[in-house]
Amino acid sequence: MIAVRAGEIGKLGELFERHHGPLYGFFVHHTGDRTASEDLVQLVFYRILKYRHTYRDEGRFFAWIYHLARKVAADHFRRSNAAPRGTDPDDLNAVPDEAPHAADRAVTADDTARLHAALAALEPNQREMLVLARFQHLKHEEIARLYDLSVGAVKVRVHRALKDLRDIYFKLSREQTA
Amino acid sequence: MNCQRIQESFLDYQDGRLSPPDASAVREHLKVCLDCQREWAGLQEISLKLDRLPPVAPSPRLRTQFYAMLETHRRESDSHSPFVQMRSRFDRLFSALLPARPALQFALACLMLGAGLFFGTRFIHPAVNEETAREIEALKKQLASTNEQIASTNQLVTHSILQQQSTGERLKMVLASLDLKKGDQLVVSDLLSALAFDPSVNVRLSALEALYPHATMPAVRSAVAASLPRDPSPLVQVTMIDFLAASRDPAVSSTLEDVSRSQTYDKAVREAARRALAQL
Ligand SMILES: [Zn+2]
């Protein structure tokens, strides 16, 4: 990252290869929109390129990239002027059940769609923190720094988000099987 | 432990982050409490479902677009930014000029300083704020207390950067200091002077960057804190605040508090100071 800041923009390629997959996961689970998520990842790297001179805190590139990602996501929600589009089943079911032992898999396509619908129903800030903790595997300490909160407050919020997600998910399950 | 406290520790229990006694307290409680059992089972189930969501992967379009963007940027910066080119040319020039052996580097540095002093005192009269100059002198004394011998050369170095005629020349000297491995303290007061006096934002930012390895010295932190209110550029001020915040020194909090409250600072600067205070 220090090399990128110093102007060797070619090095950005390495950072892209290392981080674009996880970042894409962050946006997909946060926005529920696969196509838009690719644009948002691109936007994050554009900002890294543009603002690399402002990046100072060596060794915390990981935190910086999610700091930018959060801003990009917030802008996206402001633009589309809505929390994520509920569910677009075509979009979310796009992952084919191609594994050889598909029957063994605990999560079916229906299940996946329901889970995404439940995620989409969470309040955006709540969902964002949950995605960082559960999909991006950020430590509670890292999230605390990112949000300027105490570690205890982060734990309470992640726990709250998980409980809400569970309630929404089971409610959807009951409605769909009824 | 009561049910609420047990349930609050579920996340840490799940991650295996509880101390052994706390973990066994949760385990024991779960054996006897139906409410907590239900709560725990629900949490486990939703967590498991999240873990087992199929992974998502972007289409090849993303990679194609990224590298197209990078290529466009590279072309633009090659044609529009003489600064980047100049900087890499300086780097090459200096790696060619500087001898590889530290002893020779030191000797060469002394020679250059001597020459700088000789010409500097005879031909150039720097227009620097006297009060600031006195503060820098005081700082040099502070630095001297850690190393007497180096202090005598500090003065020479200070002259050498400030009296370079062009921004390019001064920047070159600051950048060269980034590569110095021996005699690090030699350049510290030099860099502090550049930070306090240099009219170029680029030179001041580079000086600050070169000071990062020396942020452990209290004298360096207080010098940066002293330069902060005087710097005319919000960009440099924000960078200084980041520098101070990274040092995690509680002694700088009064400066940061003043900055965060005073309306004379740019809004971005005040915000940076507030963020830094929260970090300290
Ligand atoms: Zn209980």
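Order of the sequence lines sets the chain letters (A, B, ...), proteins ahead of strands, with each chain counted from 1. On a predicted model such as this, the values are computed, not experimentally measured, just so you know.
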Non-neighbouring partners of B:S19 that pass side-chain hydrogen bond (donor to acceptor under 3.5 Å, both in side chains), sequence neighbours left out: B:D22
Enclosure of B:R221 CZ (heavy-atom neighbours >12, cutoff 6.0 Å): yes
Proximity breakdown for B:Y67 and chain A, heavy-atom pairs closer than 4.5 Å: side chain
Between CD on residue B:E45 and CZ on residue A:F170, distance to nearest 0.5 Å: 3.5 Å
Within 6.0 angstrom of A:Y46 OH, more than 12 heavy atoms from elsewhere: no
Over all atoms of both residues, closest heavy-atom pair of A:G13 and B:L70: N-CD2, 4.1 Å
B:E71 versus chain A, the contacting section by heavy-atom distance below 4.5 Å: neither
Closest heavy-atom pair and its distance - A:G25, B:V56: CA-CG2, 3.8 Å
Nearest-0.5 Å distance that lies between atom CG in A:D148 and atom CD in B:Q279: 7.5 Å
Spacing of B:L53 atom CG and A:L115 atom CG [to the nearest 0.5 Å]: 4.5 Å
Residue A:E123 excluded, over 12 heavy atoms near CD under 6.0 Å: yes
Any B:F66 side-chain heavy atom under 4.5 Å of A:V41 side chain: no
Non-neighbouring partners of B:R275 that pass side-chain hydrogen bond (donor to acceptor under 3.5 Å, both in side chains), sequence neighbours left out: none
Under 4.5 Å from a heavy atom of chain A, the part of B:Q65 involved: both
Region of B:L62 in contact with chain A, defined by heavy-atom distances below 4.5 Å: both
Spacing of B:R61 atom CZ and A:E38 atom CD [to the nearest 0.5 Å]: 4.5 Å
Part of A:V158 within contact of chain B (heavy atom distance under 4.5 Å): both
Working for salt bridge (Lys or Arg N to Asp or Glu O under 4.0 Å), residues B:E39 and A:K163: CA-CA 9 Å; B:E39 196 65 28; A:K163 281 169 83 164; 3.3 Å; yes
Point-to-point distance, once rounded to the nearest 0.5 Å, from CG of A:D111 to CZ of B:R52: 10.5 Å
Heavy-atom side-chain proximity of A:L12 to B:H73 below 4.5 angstrom: no
B:Q7 portion near chain A, given a 4.5 angstrom heavy-atom threshold: both
Under-4.0 Å salt bridge between B:R63 and A:E17: yes
Interchain contact, A:F135 with chain B, by part (heavy-atom threshold 4.5 Å): side chain
Residue among B:L43, B:D51, B:V238 with most heavy-atom pairs under 4.5 Å to chain A: B:L43
Chain B contact via A:D167 - which portion, at a heavy-atom distance below 4.5 Å: neither
Segment of A:F45 engaging chain B (4.5 angstrom heavy-atom cut-off): both
Point-to-point distance, once rounded to the nearest 0.5 Å, from CZ of A:R134 to CG of B:L50: 7.5 Å
